[in-house]
**Q** 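Handing you this structure, nothing more for now.
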Amino acid sequence: MTTKKKLRRSLSFAVEVFTILLSICLGFVGYQTYYSGMIQKYKDYEVFTLNLALHGFDWDALDVSIQNNEEDEALLELRRRLDYIKTNAKIDWLYMLEPLNATEKDNMKYICTGNTAQEYQAYKDRGEDFVRLGKLSGTEFPPDVAQKYLDFYKNSKPGEFWYYPNDTEWGSVYTTSVVVRTSTGKPLGVMSVDICMTDIDATMRVYPIRIFIAGFILAAIFILVLILWLNRRVIYPLKRLQHSASDFVQKANGADIESLKFNDPNIQTKDEIQSLARSLISMATDTKDYMQKLLIETKELERISTDLNVATKIQADMLPRIEKEFSNRSDFELAASMTPAKEVGGDFYDFFFIDDDHLALVMADVSGKGVPAALFMAISKTIIKNRALFGTLPLPSEVLQDANNQLCEGNDASLFVTVWLGILDLNTGVLKAANAGHEYPAVRQPEKPFELIKDKHGIVLAGFEGAKYTDYEIVLEKGSTLFIYTDGVPEATDANEKLFELDRLEKALNINPAASPNELLSNVRGEVDKFVGSAPQFDDLTMLALKYNGRN
């Protein structure tokens, strides 16, 4: 009896200590994981906001504004952009400044800030002017903070972000910054976005108390149940239970699910073992039901797979077919292909006549993959084509601008699409084009190799309403070839996570630059497949090639 009591006490004490320590460790890990996840969410959101503010802006023009200390059109355009982002994003401050020194006063010079309409009205109500170009910071930034800004401004690499949690008079603030540079790499200032951390700080003060209390309560319950269980005889009932379970498992391996049954071990101990036996009987019944449901769900998955195959065919049918109306053309040759990474994808191409003399060419890539991207792809394709065919001959920039405004409406999923759109005059070979954040096109003139046309990128469609786009021209001589594609080509990845990149793309195009469009696509795809090898396809891969022969 004494031996049993000692064993019971020793085991109970060991279980109690282990359970309490485990609860503390799990609580600490849960706390750290939750906090790190929240901070990462803030980081990602602030980086996205800064990239949105930086993308596609003419920073060289702003450099002139800063040099002249003049609020000209470039600065006003930047203020409008920051105001728009500040109004629509969940942030507290958005500003651009130039670090000057690390003294206690006037260590920063403001370039531009983003404000909402309410904030502008508040300035007006107080009789104050909002922050303008050249305003000094006064004592707003402590010297140690100013020194950090100055170091980041001078020593950061292009595209590098700086994350800085700090305490201010408004409470705890998380700041993300990036150095704004001209096209030559000259630093103009530091653009920063701030988000107050008041809510998360309050949550994190309460979170550990709750999780530790819950952990201790669960530990106490577990220990109590275990002590009660140790006071009972368990070995023999468990063996009988084991035999019944083994018999059930053996039967479960057979093909006849209907005859599957858990034999009652007839345990009458009136304790936890008896409850366990009943639970196992119930579990066995539930397992049988689950297996039957699994058979039904397997059939349902087969049906879903069939539906996805139909969706794949529908998406393929949405793309134009060259053999229908373009195969017998003498003034141009055309070839295109799309290989989705999943059953359905977000890439698409399109080509259609606007009139007898003008051919529209579209290459686009929707963010994301799968069914959501495919649905957004269908909407984008329809909007772009309908706008291009509406009214008189449009400019590509006009089509992209109107399509962008339509796609911004009700875009709660925050999807976007990059688009390259060109309209070719089949009489003259003049190709007017505009680029909404898409890849560079490649062009080969007669007797010359393929070269990338590094055109100016506008913001992606559905980025934000009211975006503007720029037209440019490429003159295709007779015998010239145009090649457009999505980022699935240069970003194709091998098993070592290396990218195919644009240099390899140019080499693939120039294997036989005079090849027909079909051969050209085959050459590029062959080089991509050779490079990728056995690695899985990461992104949709879409290409289009047009050879311009001209009209007699």
**Q** Is the side chain of Thr176 donor-acceptor paired with the backbone N or O of Tyr174 at a distance under 3.5 Å, no angle test?
**A** no
**Q** Within the side chain of Tyr349, is there an N or O that forms a donor-acceptor pair under 3.5 Å with the backbone of Tyr485?
**A** no
**Q** Where do Ala434 and Leu400 come nearest, in terms of heavy atoms and distance?
**A** CB-CD1, 3.7 Å
**Q** Considering residues, nucleotides and ligands other than Phe390, do more than 12 of their heavy atoms fall under 6.0 Å from its CZ?
**A** no
**Q** Out of curiosity, Lys90 NZ to Ile195 CD1, how far, rounded to the nearest 0.5 Å?
**A** 10.5 Å
**Q** Could you check whether Asp347 and Thr486, counting side-chain N and O atoms only, form a donor-acceptor pair closer than 3.5 Å?
**A** yes
**Q** When the ring planes of Phe464 and Tyr84 are compared, do they come out parallel, tilted or perpendicular, using 30° and 60° as the limits?
**A** tilted
**Q** Taking it one step at a time, do Lys148 and Asp144 satisfy salt bridge (charged side-chain N to carboxylate O under 4.0 Å, His left out)?
**A** CA-CA 6 Å; Lys148 292 178 181 179; Asp144 59 328; 5.3 Å; no
**Q** Check whether more than 12 heavy atoms from other residues, nucleotides or ligands sit under 6.0 Å from atom CZ of Phe48, and answer yes or no.
**A** no
**Q** Checking Asp92 side chain against Cys196 main chain: does a donor-acceptor pair fall under 3.5 Å?
**A** yes
**Q** If we ignore angles and hydrogens, is there a donor and acceptor under 3.5 Å between the side chains of Ser192 and Asp194?
**A** no
**Q** Using a 4.5 Å cut-off on heavy atoms from C-beta on, say whether the side chain of Leu62 contacts that of Met96.
**A** yes
**Q** From Thr139 OG1 over to Asp106 CG, what is the distance, rounded to the nearest 0.5 angstrom?
**A** 8.5 Å
**Q** Name the one of Leu76, Leu78, Asp72, Ile111 that satisfies side-chain contact (heavy atoms from CB on, under 4.5 Å) with Ser65?
**A** Asp72
**Q** For Lys432, look at atom NZ and say whether over 12 heavy atoms of other residues, nucleotides or ligands are found less than 6.0 Å away.
**A** no
**Q** Is a side-chain N or O of Asp494 found less than 3.5 angstrom from the main chain of Asn496, in a donor-acceptor match?
**A** yes
**Q** Hey, what's the ring geometry for Tyr164 with Trp162, parallel, tilted or perpendicular (30° and 60° as the breaks)?
**A** parallel
**Q** Distance from Leu421 atom CG to Ile484 atom CD1, nearest 0.5 Å?
**A** 9.0 Å
**Q** Measure up the Tyr149 and Phe141 rings against each other and bin them: parallel (under 30°), tilted (30 to 60°), perpendicular (over 60°).
**A** perpendicular
**Q** Just list the side-chain donor-acceptor pairs under 3.5 Å for residues 500-508, sequence neighbours left out, or say none.
**A**
residue	atom	partner	partner atom	Å
Arg504	NH1	Leu499	O	3.0
Arg504	NH1	Phe500	O	3.2

**Q** Tell me yes or no: between the side chains of Thr418 and Asp365, is some donor less than 3.5 Å from an acceptor?
**A** no
**Q** Going from CD on Glu451 to OH on Tyr440, what distance comes out if it is rounded to the nearest 0.5 angstrom?
**A** 14.5 Å
**Q** Looking only at atom types and distance, does a side-chain atom of Asn405 sit under 3.5 Å from a main-chain N or O of Gly466, one as donor and one as acceptor?
**A** yes
**Q** Answer yes or no: is there a donor N or O on one side and an acceptor on the other, between the side chain of Glu527 and the main chain of Val524, under 3.5 Å?
**A** no
**Q** Consider only side-chain N and O atoms of Gln121 and Asp125, and report whether a donor and an acceptor are under 3.5 Å apart.
**A** yes
**Q** Should the ring pair Tyr163 and Phe161 be called parallel, tilted or perpendicular, given that the plane angle runs from 0 to 90° and is split at 30 and 60?
**A** parallel
**Q** Less than 4.5 Å apart, side chain to side chain, heavy atoms only: is that true for Lys86 and Ile91?
**A** yes
**Q** Would you tell me whether Asp151 and Gln147 have side-chain atoms, one donor and one acceptor, within less than 3.5 Å of each other?
**A** yes
**Q** So does Lys186 get a backbone contact from the side chain of Thr182, meaning a donor-acceptor N/O pair under 3.5 Å?
**A** yes
**Q** Given 3.5 Å as the limit, does a donor-acceptor pair link the side chain of Tyr548 with the main chain of Leu426, or not?
**A** yes
**Q** Taking all non-hydrogen atoms of both residues, which atom of Phe353 and which atom of Leu389 are closest, and how far apart?
**A** O-CD2, 3.5 Å
**Q** Can you tell me how far apart CD (Glu465) and CG (Leu407) are? Round to the nearest 0.5 Å.
**A** 10.5 Å
**Q** Checking side-chain contact (heavy atoms from CB on, under 4.5 Å) between Glu71 and each of Asn69, Asn68, Leu75, which is the one that passes?
**A** Leu75
**Q** Backbone N or O of Ala53 within a donor-acceptor pair of the Arg81 side chain at under 3.5 Å?
**A** yes
**Q** Just by distance, with hydrogens left out, do Gln40 and Asp44 show a side-chain donor and acceptor under 3.5 Å apart?
**A** yes
**Q** Atom CZ in Phe130, atom NZ in Lys124: separation rounded to 0.5 Å?
**A** 12.0 Å
**Q** Test your reading of the model: is there a side-chain donor-acceptor pair from His457 to the backbone of His438, 3.5 Å cut-off?
**A** yes
**Q** Is any side-chain heavy atom of Leu82 closer than 4.5 Å to one of Tyr95?
**A** no
